Amino acid sequence: MDIIGKWKVKELNIPTVDGVKTFTPETLPDDEDFEDYKKGSTQIFEFKPDGTLNTLMPIPEDMIEVAKEEGMEILDGGYALLDSTVWKENDGKFFFDSKIEGEFLGETVDSFMEIKVTPDGCLLHQFDTLLLEKA
């Protein structure tokens with residue numbers, strides 16, 4: 001499978017007091033508890049051929065200058081670069097550098113986490129909380 005390109009959020013798997021609930025960006029509740037999820041649901045994940053994984057946020061055209069003034073890096077197409085890390089393929093599986101460091105039972109934890117591919121060709125990303133589809 002080729003994951004090069006831009007991917008958008010199709011579904012969000014959100015932990016709640018009633019267990020994990022699945023929402024689409026359009027069905028997220030208008031509730032303060034879901035405000036950050038609403039913002040995150042507009043993110044685009046760009047897998048580049050050089051092994052870079054960029055997390056992008058679309059910025060409305062009338063807000064681009066304000067975003068630049070606030071120090072955001074704005075890329076072509078009106079996207080703010082929120083984060084950049086690396087991704088890799090190993091034995092047909094995909095991984096991204098979560099940048100999480102630490103030890104478990106005295107062993108250094110590998111910061112690379114798997115990005116699972118679903119049977120319908122979507123990607124499960126960020127601890128399986130985001131289901132991504134090609135943008």
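What you see is a predicted model; the values in this text were computed from it and never measured.
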- Item | Side-chain donor or acceptor of T118 paired with backbone N/O of C122 under 3.5 Å | yes
Are F94 and F96 in one and the same hydrophobic cluster, where Ile, Leu, Val, Met, Phe, Trp and Tyr link if side-chain heavy atoms are under 4.5 Å apart? yes
For N13 and P15 the tightest heavy-atom approach is O-CD, 3.8 Å
Q | Audit row: K93, I115, side-chain contact (heavy atoms from CB on, under 4.5 Å) steps and yes/no | A | CA-CA 7 Å; K93 294 182 178 182; I115 303 168; over 6 Å; no
Heavy-atom nearest pair, K39 first then M57, reads O-CE, 3.4 Å
Practice item. Answer yes or no: is there a side-chain heavy-atom contact under 4.5 Å between L12 and P25? Key: yes
dist E89:CD -> M1:CE (nearest 0.5 Å) comes out at 10.0 Å
To the nearest 0.5 Å, atom CD of E70 lies from atom NZ of K68 at 13.5 Å
(message) Side-chain heavy atoms nearer than 4.5 Å, only ILVMFWY residues, links allowed to pass through others: does that put M113 and I3 together?
(response) yes
Rounded to the nearest 0.5 angstrom, the CD1-CD distance for I59 and E61 is 12.5 Å
Practice problem: Check the hydrophobic clustering (I, L, V, M, F, W, Y; side-chain heavy atoms under 4.5 Å; chains of links allowed) and say if V20 and V17 are grouped together. | Solution: no
TODO: Kindly indicate whether the side chain of L53, heavy atoms from C-beta on, has any atom under 4.5 Å from the side chain of F45.
DONE: yes
Does NZ or CZ of K88 fall inside the cone over F112's six-membered ring, less than 6.0 Å from its centre and within 45° of the axis? yes
Let me have the donor-acceptor pairs involving side chains of residues 123-135, under 3.5 Å, with sequence neighbours excluded, atom names and distances please.
unit_1 : atom_1 : unit_2 : atom_2 : d
D128   : OD2    : K116   : NZ     : 2.8
T129   : OG1    : Q126   : O      : 2.6
K134   : NZ     : I4     : O      : 2.5

**Prompt:** Side chains of P29 and F23: closer than 4.5 Å at any heavy-atom pair?
**Reply:** yes
Interatomic distance, CD@Q43 vs CG@N54, rounded to 0.5 Å, equals 12.0 Å
Side-chain contact test, heavy atoms from C-beta onward, threshold under 4.5 Å: evaluate it for S84 versus T55 and give yes or no. no
Here the gap from I74 atom CD1 to M63 atom CE, rounded to the nearest 0.5 Å, amounts to 10.0 Å
Counting N and O atoms only, with roles assigned by atom type, does the side chain of S111 sit under 3.5 Å from a partner on the main chain of I100, one being a donor and the other an acceptor? no
_Walk me through whether T16 and D18 qualify under side chain to side chain donor-acceptor pair (under 3.5 Å)._
CA-CA 5 Å; T16 71; D18 299 322; 4.8 Å; no
Correct closest heavy-atom pair for D2 and W7 would be O-CZ2, 4.4 Å
In short, ring-ring contact (aromatic ring centres under 6.0 Å, His included) pairs touching residues 54-90 with sequence neighbours left out are F47-W87
Side-chain contact, heavy-atom cut-off 4.5 Å: L56 with L82? no
### Message
Would you say that I14 contacts L28 through its side chain, given a criterion of any heavy-atom pair below 4.5 Å between the two side chains?
### Response
yes
Across all chains, not counting sequence neighbours, the side chain to side chain donor-acceptor pair (under 3.5 Å) partners of E26 are T24
d(E103 CD, E107 CD) to nearest 0.5 Å is 8.0 Å
